[in-house]
Every structure is written in C-alpha cells, then in structure tokens.
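Reviewing the structure listed below.
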Amino acid sequence: MFETHAFDNGLRAVVTSLPHTRAVTIQFAVGAGFGYESEATHGLSHFVEHMLFKGTDTRPTFTDITGAIESLGGSINAATDKEMTAYFVKCPSEHFHAALEVVADVIQNSRFDPAEVERERSVIVDEVTMSRDAPDDWAIQSLDGLLWPDHGLGRPLSVNLEVVQGATTAQLRAYADRYYCGRNSVMSVAGSVEPVAALESLRSNFGGLSPGQPAPWVPAPPLTTGQRLVIDERDTLQVHVAVGTQTLNQTDPDRYPLELVNAILGEGMCSRLFAEIRERRALAYDVSSFLSQYRDCGALTIFASVDPNEVQATVEVILEQCELLTMQPPTQWELERAREYVKGALILGMEDSQNVAAWYAREELLEAERMTVEAVIDRLNRVDTEDVVRVAARVFEGDWASLAAVGPVRDHASLVRLLPAVSKSTSHVA
C-alpha cells in the first residue's frame, strides 16, 4: 500500500508501507542527469552529486554526514544516471525521522566549499576515467555513443572533461539551485513506517525547498545513417562486443512485448542467445541482453566477451537470432518462460525496501503513466506470440544494428561486412 501527496512547493512524495520489514529506505530523486546536459554542462550533474556529501553548516565534513547515518545503523549513497540523480538512505525503521533530517540537511544546506570543490574535482576525474579501463563497460558506453551521438544519453562522462576540470563553485551552486527544487523532485519512502506520520515528517523537513520549475528534457535524436561501428584496439585477452539498436520509449504500449522479446533473446540461461552461443557453439562463456527505456527513446543492447578468433562468428549468431525472432514465433514454452522470468525479477526485487522506494520515485518523477508492479504484470500477461513477432520486426528492421568492440579485433573488414549500414557510412578505430 502506498500514499502520494504533493506539497505546496511542488515536491511530490510517495510513502509505501511494508509491514513485513524492519527497514526503511528514503530516496530523494531529482530530474537531473546526463541526458539533460549539453556539451557546456557535461558532467555537472555528477559533480553536484559529489558535492552534496562534502558538508553542511551543521555537518561540516563528509565524515559528519556519513557518520550521522552509520551511527543509526544505516547506509547512505547516491547515483547520477541518464534521467535522474538519486540520493538514498537505508536504515532500521525506528531511526526514520533522524535519517530523514540528515537527507534534508544534505539536499538543502550543502556548502559547496571552494576547497572541497578543488579536492573533489580530481576524485571525479579519476572515477570517470577509470571506466575506460574496464573494457566491458567501455564497449557498452561506446555503443551508447553510436546510438545517441552528440546527446547526453550517449556522451561518455570520461569524454570532454574540460567542463568538470573548469567548473567553478558558482557554476555548481547555480546548477544545484536550478535543478534541486520542489517541482523537479520526488521523495520516496518505503518500509515499516506509518504513512500519515511519514508524510508529515517529509513536509516538516522539505517544506522549505524552493518550488522552481521542472527541468526541460533535451529531445533524443533518431538513429541516423552515420557511424555505426567503433573498434577500440586493446591488448586484452578477449574482445568485448556490444551490439544494439534504438528501440521504444517508456510510454510506448509495445514496451511490454519488448520486455519479452529481450527475455527470449538474452535474459537467463534458457534464452536463445545463451543457448546458441554458449551451449551449442561454445563461442563464449556468457552472453546477455538488456533494455534501456527513457522518456522519448530506448535501446536494446546485447553483450558478450569472446576469444578474438570468434568475434565474427559470435556477431553473426547475434544478428541471426535477432532477425529469426522477426519471422519465427517463440514456442509457447519460450513465451511463458520469458514472461515468468520478467515477472519474477519484478516480484523478487520488490522484497527489498530500497527497490520499492526506487520504483515509486521513478514512476512519480519520470513516467507519464504511473504503474504499480501489479499493473505491469497484468500488461505482461496479455502479451502473446504474435505480439512478440510484431515488436521484434518493429525493432530489428532494415539496417538496425550498431556495434562497439573493445580488444584485439583481428579482422575489421569482416565486422564491416556484417553491418550493411556501415558499408554505406563510416567505421572508426579508437
């Protein structure tokens, strides 16, 4: 059971009562992230996230903030994503009110001390450049860059670090003031709390947050006929391959069949890609796929790490299996396996108060149609084999595939030949 409320300053609150747990999670979600950023503001969402842990007037240091939560038996953290930045605390439910006061202090009273800005700047540069040393992570980021060139959704944080390196205290304050406001934020609480008392505590702690305005989303560009292949040559033992395409946004009614398309292809050890690539052909130890869905676009990504001698064969199988699903309906067993796999992940995830808080924060902040898990399950139950084939054909049509590879790729020409769109445009070796 959950209750929602909008305060006078526009801040929306969702409180979900979970009597079976002794924990509570508090999440503050703000409409700020990489997808909102231009080249001129690239990285500022992440920089602000770091600075909110660097001290307030009442808790002057990082240790004062984290220690205030850890002394309650809890944990505190934050994450900047493409569509939102989230701050979350999880603690025993008897410490809810004390933990909420810490979150409110951090969000509303951070000092942005210039000395801390300088110290944290180098930490952020180290953090974001570290991702380029992980070839699997970098392959996926590189694929995003092919799908959304010149947009925050596809712009890796470790590229064009000039904004982070040159950001001033005044810029960071102004960025926080613009985005961290009532009409651009959601508070979500999930756990063993009494909803009326929790809402009153939220009002008391966040009633002074300035109203502001919702942040405008930068429209994502459609996939073009531009660059569709990128190869980053590295001396690694395996080649890390990411194949993908733009798909459906989070308001498209076909997103529910798409969930099952993805599960049939690459979720679980009974998926088609796992069965074909690992079990039948022994081309790779693991292969999987996942969906990303945003306000006005989405992506389906397939990832595998393979021996350099097996790159071409692996990519061939990936393309074949995707296109086969547009012509050959899944068996009833495949459909039901995929359906229950997706439903099970949702149901099991909601056993944790942190996942529940995150679910309702996202639904309230980003979704045009606010959905419960039960409503999503109902939509999934309606999907049939014809829906799967129809949506697969919608996604895997024409020259749909883009590819990023990181590692010792020995035959670039073979990958170009596998992607018809590449032969009509350009490829790139990083």
Is the distance between the ring centroids of Y360 and F2 under 6.0 Å? yes

Verify, without hydrogens or angle tests, whether S353 (side chain) and A23 (backbone) share a donor-acceptor contact under 3.5 angstrom. no

Within 6.0 Å of CZ in R370, more than 12 heavy atoms from elsewhere: yes

Kindly indicate whether the side chain of F303, heavy atoms from C-beta on, has any atom under 4.5 Å from the side chain of H240. yes

Walk me through whether L157 and S131 qualify under side chain to side chain contact (heavy atoms under 4.5 Å, CB included). CA-CA 9 Å; L157 195 53; S131 67; over 6 Å; no

What distance separates M269 CE from R278 CZ, expressed to the nearest 0.5 Å? 7.5 Å

Supply the atom-to-atom distance I318 CD1 to L265 CG, rounded to the nearest 0.5 angstrom. 10.0 Å

Between T58 and D105, is any side-chain donor less than 3.5 angstrom from a side-chain acceptor? yes

So, the side chain of D296 versus the backbone of A220: is there a donor-acceptor pair under 3.5 Å, distance only? yes

Output yes when a side-chain donor or acceptor of R228 lies under 3.5 Å from a complementary backbone atom of W400, and no otherwise. yes

Do the numbers put R337 on top of the ring of Y341, so that NZ or CZ is under 6.0 Å from the six-membered ring centre and no more than 45° off the axis? yes

Relative to each other, are the rings of F34 and H46 parallel, tilted or perpendicular (30° and 60° limits)? perpendicular

Looking at CE of M51 and OG of S110, how far apart are the two atoms once the value is rounded to the nearest 0.5 Å? 8.0 Å

Side chains of H412 and E233: do they bring a donor and an acceptor to under 3.5 Å? yes

If the threshold is 4.0 Å, N to carboxylate O, is there a salt bridge linking E340 and K343? yes

Could you measure the distance from the CD atom of Q293 to the CD atom of E83? Nearest 0.5 Å is fine. 10.0 Å

Nearest-0.5 Å distance, CZ of residue R59 to CZ of residue R111: 12.5 Å

D133 atom CG, neighbour heavy-atom count above 12 within 6.0 Å: yes

From I69 atom CD1 to D64 atom CG, the distance as rounded to the nearest 0.5 Å: 12.5 Å

Side chains of V189 and V24: does their closest heavy-atom pair fall under 4.5 Å? yes

